[in-house]
Amino acid sequence: IVALVFGSALALRILAMALAFDPATAFEKFPLLAQRLIADGWVAHEPFGCSPAYIYFLAFLIRAGAPAAGLCIAQVVLGALTCVLIRDLARRLFGPVEAAVAGALAAAFGPFLIFSIEFESDGLGLFLYCAAATALVAALDRPAAWRFAAAGLLLGLRATQRPAAL
């Protein structure tokens, strides 16, 4: 079921990218901020006015040589992984049938598709939030200090993506 959720989510996001993503008209604010961060030696010389985590995420990809389409592909994969996390969270909390439904709905949910192909921080934020929630539920199921630490780290990363989210 995990492969089915990931595969269908990935296919739908690739289709959305093929139909709606145009690098020439993509929102450039975050990629430009990422390029500026790289040029400044990876150190912000003024407070971030928006998502620091997303800017560093894009900067890492840009530094690795990703063009605009490569940035979008990375977000498409992240979006598909988010659907797997939603499925896993639903399985842990509700059961296998509910997990399959949650995974399928997440894979096809329109706003999630848009988050995957636009240069906005929402896709990364959703991934980090789902990862933190899944890690916390896993830590509660099988308590261990490192599991709680992992959940806290993911929640902290989520806070750097959008500080007002907490």
Side-chain angles (χ1 to χ4, degrees), residues 1-34 48 50-62 64 66-139 150-166:
I1 262 296
V2 171
L4 182 62
V5 168
F6 180 76
S8 61
L10 187 62
L12 287 170
R13 280 150 183 74
I14 289 170
L15 178 62
M17 183 180 168
L19 294 174
F21 178 73
D22 180 4
T25 61
F27 184 57
E28 292 185 352
K29 174 179 138 183
F30 284 108
L32 289 173
L33 289 170
F48 284 100
C50 43
S51 174
Y54 186 63
I55 294 169
Y56 275 97
F57 171 72
L58 289 181
F60 174 76
L61 294 171
I62 290 168
L71 300 177
C72 190
I73 289 168
Q75 290 188 172
V76 160
V77 171
L78 206 62
L81 289 172
T82 300
C83 296
V84 171
L85 289 170
I86 289 170
R87 180 236 159 243
D88 187 56
L89 188 60
R91 181 187 56 78
R92 289 174 181 275
L93 294 174
F94 303 109
V97 173
E98 294 84 352
V101 171
L105 290 175
F109 187 52
F112 290 0
L113 293 170
I114 292 169
F115 293 166
S116 294
I117 63 169
E118 289 189 349
F119 293 146
E120 290 286 349
S121 66
D122 299 317
L124 178 63
L126 182 61
F127 173 79
L128 291 171
Y129 188 73
C130 290
T134 302
L136 181 59
V137 170
L153 176 65
L154 288 165
L155 192 57
L157 287 172
R158 169 64 169 112
T160 64
Q161 180 272 332
R162 180 159 298 154
L166 300 177

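- For L157 against L128, the heavy-atom pair with the smallest separation is O-CD1, 3.7 Å.
- In this structure, Q75 and F119 have side chains that are in contact, with non-hydrogen atoms separated by less than 4.5 Å.
- Between the OG1 atom in T160 and the OH atom in Y54 there is a gap of 14.0 Å [rounded to 0.5 Å].
- A 4.5 Å side-chain heavy-atom check between C130 and L89 finds every atom pair outside the cut-off.
- For the atom pair CD1 (I86) and CG (L105), the distance works out to 9.5 Å, reported to the nearest 0.5 Å.
- Legend: residues meeting side-chain hydrogen bond (donor to acceptor under 3.5 Å, both in side chains) with D88, ordered by chain and number and at least two apart, are R91, R92.
- Once rounded to the nearest 0.5 Å, the distance linking CG of L126 with CZ of F112 reads 4.5 Å.
- Scanning both residues, V84 and V5, for their nearest heavy atoms gives N-CG1, 4.0 Å.
- For the pair F27/E120, a side-chain contact is recorded, criterion being any heavy-atom separation below 4.5 Å from C-beta on.
- Proximity of F48 to Y56: side-chain heavy atoms (C-beta onward) are separated by under 4.5 Å at one or more points.
- For I73, the side chain to side chain contact (heavy atoms under 4.5 Å, CB included) partners at least two apart in sequence or on another chain are M17.
- Between Q161 and S51, the closest side-chain pair of non-hydrogen atoms falls below 4.5 Å.
- Looking at every heavy atom in both residues, S121 comes nearest to F30 through N-CE1, 4.3 Å.
- Of all heavy-atom pairs between L61 and A74, the closest is CD1-CB, 3.6 Å.
- S116 and R13 make their closest contact through OG-NE, 3.2 Å (heavy atoms, listed as atom of the first residue, atom of the second, distance).
- The only option from T82, V77, D122 that meets the side chain to side chain contact (heavy atoms under 4.5 Å, CB included) definition with F127 turns out to be T82.
- Residues I117 and A20 approach most closely at CD1-CB, 3.7 Å, considering heavy atoms.
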